[in-house]
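Below is one structure; the comments refer to it alone.
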Amino acid sequence: VQLVESGGGLVQAGGSLRLSCAASTQTFSSYDFGWFRQAPGKEREFVAAINWSGGRTTYADSVKGRFTIFRDNRKYMVYLEMDPLKPEDTGVYYCAASTGMGITPGDYDYWGQGTQVTVSS
């Protein structure tokens, strides 16, 4: 499974971004997906996850109520809507795929290359 993220950029605090993750597999609907982020000098941390059908989601406390994860199984796409953004949301955001929905990096088998999100104050 190959994953390609897009949609990152530079935005002011209070702004919004939508990240996209394109998956290159026809068994897309078999996978659960997660978004993680990593700030400079920090460990990769969980942001959000969604199960194979899109019927179940979970979020890190730091983004709950501000971020929304969703997927389109017809287009093999996963999205992360982020609004409003805060400076502490800055980091490289990674999309990951797994056959089991989890909240740690070790729960995921496939990773994208990441997309940079920078939120200015």
Problem - Partner of Phe33 by ring-ring contact (aromatic ring centres under 6.0 Å, His included), out of Phe28, Tyr94, Tyr110 - result: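 Result: among Phe28, Tyr94, Tyr110, Phe28 is the only option passing the ring-ring contact (aromatic ring centres under 6.0 Å, His included) with Phe33.
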To the closest 0.5 Å, what do you measure between [atom1] ([X]) and [atom2] ([Y])?
X	Y	atom1	atom2	value
Ser6	Met77	OG	CE	6.0 Å
Lys75	Ser20	NZ	OG	10.0 Å
Ser62	Arg37	OG	CZ	4.5 Å
Arg18	Thr68	CZ	OG1	9.5 Å
Thr58	Ile69	OG1	CD1	9.5 Å
Ser98	Asp32	OG	CG	6.0 Å

Practice task
Verify side-chain contact (heavy atoms from CB on, under 4.5 Å) between Thr25 and Tyr76, making sure each step is shown before the conclusion.
Solution key: CA-CA 8 Å; Thr25 174; Tyr76 302 168; over 6 Å; no
Closest approach of [X] to [Y] (non-hydrogen atoms, all atoms of both residues):
X	Y	answer
Tyr59	Lys64	O-CE, 3.7 Å
Ser121	Ala13	CA-CB, 4.4 Å
Ser53	Asn73	CA-ND2, 4.5 Å
Tyr79	Asp72	CE1-CB, 4.3 Å
Gly102	Tyr108	O-OH, 2.7 Å

Exercise for the section: Flag yes if more than 12 heavy atoms outside Lys42 fall under 6.0 Å of its NZ atom; otherwise flag no. Expected result: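 Atom NZ in Lys42 is not packed in, count stays at 12 or less.
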Is there a side-chain contact between [X] and [Y] in this structure, where contact means two heavy atoms from C-beta onward sitting under 4.5 Å apart?
X	Y	result
Thr90	Val117	no
Trp52	Thr99	no
Leu85	Leu17	yes
Trp111	Pro105	yes
Leu80	Val47	yes
Glu45	Gln38	no

Practice task
Taking Gln2 for its side chain and Ser24 for its backbone only, find out whether a donor-acceptor pair lies under 3.5 Å.
Solution key: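 Pair absent, no side-chain N/O of Gln2 close to backbone of Ser24.
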Problem - Polar side-chain atom of Asn51 near backbone of Arg56 as donor-acceptor pair, under 3.5 Å - result: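 Indeed, once roles are kept as given, a pair shorter than 3.5 Å links the two residues.
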Exercise for the section: Treating Ile, Leu, Val, Met, Phe, Trp and Tyr as nodes and any side-chain heavy-atom pair under 4.5 angstrom as an edge, say whether Val63 and Ile50 lie in one connected cluster. Expected result: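 In one cluster with Val63: Ile50, yes.
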Exercise for the section: Please lay out, stage by stage, how Gln12 and Val119 fare under the test side-chain contact (heavy atoms from CB on, under 4.5 Å). Expected result: CA-CA 5 Å; Gln12 288 187 330; Val119 185; over 6 Å; no
Handout entry: Intermediate values then yes/no, side-chain contact (heavy atoms from CB on, under 4.5 Å), Leu19 and Thr115
Key = CA-CA 8 Å; Leu19 304 184; Thr115 185; 4.0 Å; yes
Exercise for the section: Could you tell me whether Arg66 and Asp89 make a salt bridge, using a distance below 4.0 angstrom between a side-chain N and a carboxylate O? Expected result: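 Salt bridge: yes.
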Practice task
Determine the interplanar angle of the Phe67 and Tyr93 rings, folded into 0 to 90°, and report it as parallel if under 30°, tilted if 30 to 60°, perpendicular if over 60°.
Solution key: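 The rings of Phe67 and Tyr93 sit tilted, inter-plane angle from 30° to 60°.
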Handout entry: Val78/Trp35 under side-chain contact (heavy atoms from CB on, under 4.5 Å): CA gap, chis, key distance, verdict
Key = CA-CA 9 Å; Val78 182; Trp35 284 97; 3.7 Å; yes
Practice task
Would you check, one step at a time, whether the test side chain to side chain donor-acceptor pair (under 3.5 Å) holds for Gln116 with Thr118?
Solution key: CA-CA 6 Å; Gln116 176 71 45; Thr118 303; 3.3 Å; yes
